[in-house]
Amino acid sequence: MERKIIAITRGDGVGPEVVNEGLKILKIIAEFTDFSFEFRDAPAGGEVYKKYGNNLPDKSFDIIKGADALLFGAVGLPDLAPGVAETAILRIRQELDLYINLRPVKLYEPLRDRCPLKDEFIGDGIDITFVRENTEGLYANIGDITEDRAENLMVYTRKGCERIIRYAYEFAKKMGHSKVTSVDKANILKPSQLWRKIFHEIGENYPNLQKEDFYIDSYCQWLIRAPYKFQTVVTGNMFGDIISDEGAFLIGSLGMASSGNISPGKVSMYEPIHGSAPDISGKGIANPIGAILSVKLMKQESFQSSDIAKEIELSVEETLEEGRTIDLKNPEIETLTTKEMGNLIAEKLKLRLKR
Ligand code: NAD
Ligand code: IPM
Ligand code: MN
């Protein structure tokens with residue numbers, strides 16, 4: 001029996017709605033496999049800030065630090081100033097040194113009808129993993145703001161570049177990819193020049209992998225022009241934030257995209273890449289798949305359980321033929337609420353794990 005402690009941060013807006021569905025999946029895993037879980041609530045975000053004046057109270061952070069993994073919903077409230085809730089995420093990433101942000105973007109066959117691209121641009125399909133640097137760059141929190149001037153410093157260190165780039169090459173090798181793509185802005189930005197140099201230095205250790213560089217502006221058009229070309233894509237913090245939302249729309253909805261904020265061998269955080277979605281929160285219509293696939297990533301990356309991860313993914317794919325939340329609307333397929341979607345996926349998983 002493998003016992004794991006999982007910290008749960010529901011957060012704001014649709015965060016709690018989608019985390020509840022992720023929890024259903026973990027409960028099914030506990031019922032039908034050798035895993036058992038202890039869930040510990042670690043409240044954070046805007047609602048918590050309003051109560052305690054702190055978006056990540058010490059008690060919550062201690063629970064997170066003492067867990068094997070963290071399942072995180074989303075934070076942010078429209079009636080708070082930008083950043084007041086969101087910095088909780090950055091503190092977790094910085095203080096736990098979660099330097100890898102793994103963001104897979106895969107177009108499931110049943111969702112071809114929801115991909116905004118014509119068939120000729122989809123080609124053989126879309127299956128990209130963005131490897132986003134998660135602790136440096138513009139997110140290093142070095143900056144200042146006055147009434148007349150505001151600045152953030154974009155800092156990349158050799159150590160910071162080396163570890164994320166090495167991880168990306170290793171990831172590509174593990175996945176059997178033939179190529180690693182690096183996205184930067186080396187024609188203008190000094191940190192990108194260091195990044196690009198290190199990308200090629202480290203690449204020398206991987207003679208069997210092709211290497212390619214793009215400038216971020218050009219990459220944004222290639223991502224919609226020929227997404228089938230890309231496999232592992234490594235990039236800095238700010239560019240990774242932006243292109244992962246672009247990628248998410250290619251697979252049908254922002255609600256489909258999952259992520260792992262990872263420090264290998266240490267407590268890591270798994271979360272959908274979307275935010276608290278105030279425009280739809282409280283209605284019970286949010287797509288829970290980003291959160292459910294984040295549980296899949298947790299099994300795969302933190303608990304070395306690729307078999308169960310695969311079963312979760314297959315359950316999601318199967319369900320998309322039968323029912324969908326409204327963001328993935330298809331008139332021939334039943335429209336489901338968040339809970340119904342989660343229940344259906346959980347049912348499929350149950351059947352698969354029982355076999
Ligand atoms: P958002 O990701 O919350 O929403 C963007 C659009 O996508 C909205 O139209 C929303 O309805 C839709 N969407 C998002 N998740 C969905 C889901 N699961 N199912 C269906 N549709 C979904 O981005 P935003 O509106 O720019 O930001 C709202 C708040 O969330 C802000 O406070 C922002 O800072 C915060 N934010 C938090 C995170 C996080 O917690 N990881 C990430 C991004 C944004
Ligand atoms: C994300 C979010 C966060 C980021 C914000 C909310 C801090 O947009 O996880 O993609 O910018 O990294
Ligand atoms: Mn983002």
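Whatever order the structure lists them in is the order used to number ligands and atoms, beginning at 1. Computed from a predicted structure; not experimentally measured. Side chains included, hydrogens not; waters and symmetry mates left out as well; all remaining heavy atoms used.
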Applying side chain to side chain contact (heavy atoms under 4.5 Å, CB included) to H200 and R196, what does each step give before you reach the verdict? CA-CA 7 Å; H200 290 283; R196 190 176 279 219; 4.1 Å; yes
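Between the side chains of Y219 and T235, no donor N or O sits under 3.5 Å from an acceptor N or O. At a cut-off of 3.5 Å, with distance as the only test, a side-chain donor of D327 or S253 sits close to an acceptor on the other residue. Checking Q300 against K296 by side-chain atom types alone, a donor-acceptor pair falls below 3.5 Å. D245 and H274 share no side-chain donor-acceptor pair at under 3.5 Å.
Looking at atom 8 (C) of ligand 1, its nearest protein heavy atom turns out to be D279 OD2, 3.3 Å. Nearest protein neighbour of atom 8 (O) of ligand 2, counting heavy atoms only, is D241 OD1, 3.2 Å. Protein heavy atom at the shortest distance from atom 34 (O) of ligand 1 is E86 OE2, 2.5 Å. Atom 5 (C) of ligand 2 has its closest protein heavy atom at I89 CD1, 4.6 Å. Ranking protein heavy atoms by distance to atom 7 (C) of ligand 2, first place goes to L90 CD2, 3.8 Å. Protein heavy atom in closest approach to atom 11 (O) of ligand 2: Y139 OH, 2.6 Å.
Atom 24 (P) of ligand 1 is not flagged as protein-proximal [any protein heavy atom, distance under 4.0 Å]. Protein heavy atoms are found less than 4.0 angstrom from atom 32 (O) of ligand 1.
Under 2.8 Å from the Mn ion (ligand 3) lies no N/O/S atom of D245, from backbone or side chain alike.
The part of I273 lying near ligand 1 is the backbone, judged by heavy-atom distances below 4.0 Å. Contacts between R93 and ligand 2 below 4.0 angstrom, taking non-hydrogen atoms only, involve the side chain exclusively.
Taking the ring axis of Y99 as reference, the NZ or CZ atom of R163 stays within 45° of it and closer than 6.0 Å to the ring centre. With Y139 as the aromatic partner, R132 meets the cation-pi criteria of under 6.0 angstrom to the ring centre and within 45 degrees of the ring axis. Geometrically, K51 does not engage Y49 in a cation-pi contact defined by less than 6.0 Å to the ring centre and at most 45° from the axis.
By the 30° and 60° cut-offs, the orientation of the rings of Y169 relative to Y206 is parallel.
Atom CD1 of I128 is separated from atom OG of S244 by 11.0 Å, given to the nearest 0.5 angstrom. Taking CG of D68 as the reference point, atom CE of M298 lies at 9.5 Å (rounded to 0.5 Å). Note that CG of L77 is 4.0 Å distant from CG of D12, once rounded to the nearest 0.5 Å.
Counting the atoms of ligand 1 from 1 in the order shown, those under 4.0 Å from a heavy atom of E271 are 41 (N). Close approach to L254 involves these atoms of ligand 1, each under 4.0 Å from a residue heavy atom: 2 (O), 5 (C), 7 (O). Residue contact check: G76 has heavy atoms under 4.0 Å from atoms 32 (O) of ligand 1. Listed by number with element, the atoms of ligand 1 under 4.0 Å from a non-hydrogen atom of P278 are 28 (C).
E321 has its side chain out of reach of I333: every pair of non-hydrogen atoms, C-beta onward, lies at least 4.5 Å apart. The side-chain heavy atoms of N101 and S259, taken from C-beta on, include a pair separated by under 4.5 Å. Within the 4.5 Å cutoff, no side-chain heavy atoms of L351 are placed close to those of K348.
Some N or O of H274 is nearer than 3.5 Å to an N or O of ligand 1, by distance alone. At a 3.5 angstrom cut-off on N or O pairs, A277 counts as close to ligand 1.
In this structure, S276 is part of the shell of residues with a heavy atom less than 4.0 angstrom from ligand 1. Within the 4.0 Å heavy-atom cutoff, R132 counts among the residues contacting ligand 2. In this structure, I89 counts as a contact residue of ligand 1, since one of its heavy atoms falls inside 4.0 Å of the ligand.
By heavy-atom distance, the residue among T338, I280, I326 lying nearest atom 20 (C) of ligand 1 is I280. Nearest-residue assignment for atom 1 (C) of ligand 2 (options H274, M269, R103, E271; heavy-atom criterion): R103. Scanning G13, P82, A74, G275 for the heavy atom closest to atom 38 (C) of ligand 1 points to G275. When the options N287, T325, V75 are ranked by their closest heavy atom to atom 40 (O) of ligand 1, first place goes to V75.
Of all N, O or S atoms in D241, the one lying closest to the Mn ion (ligand 3) is OD1.
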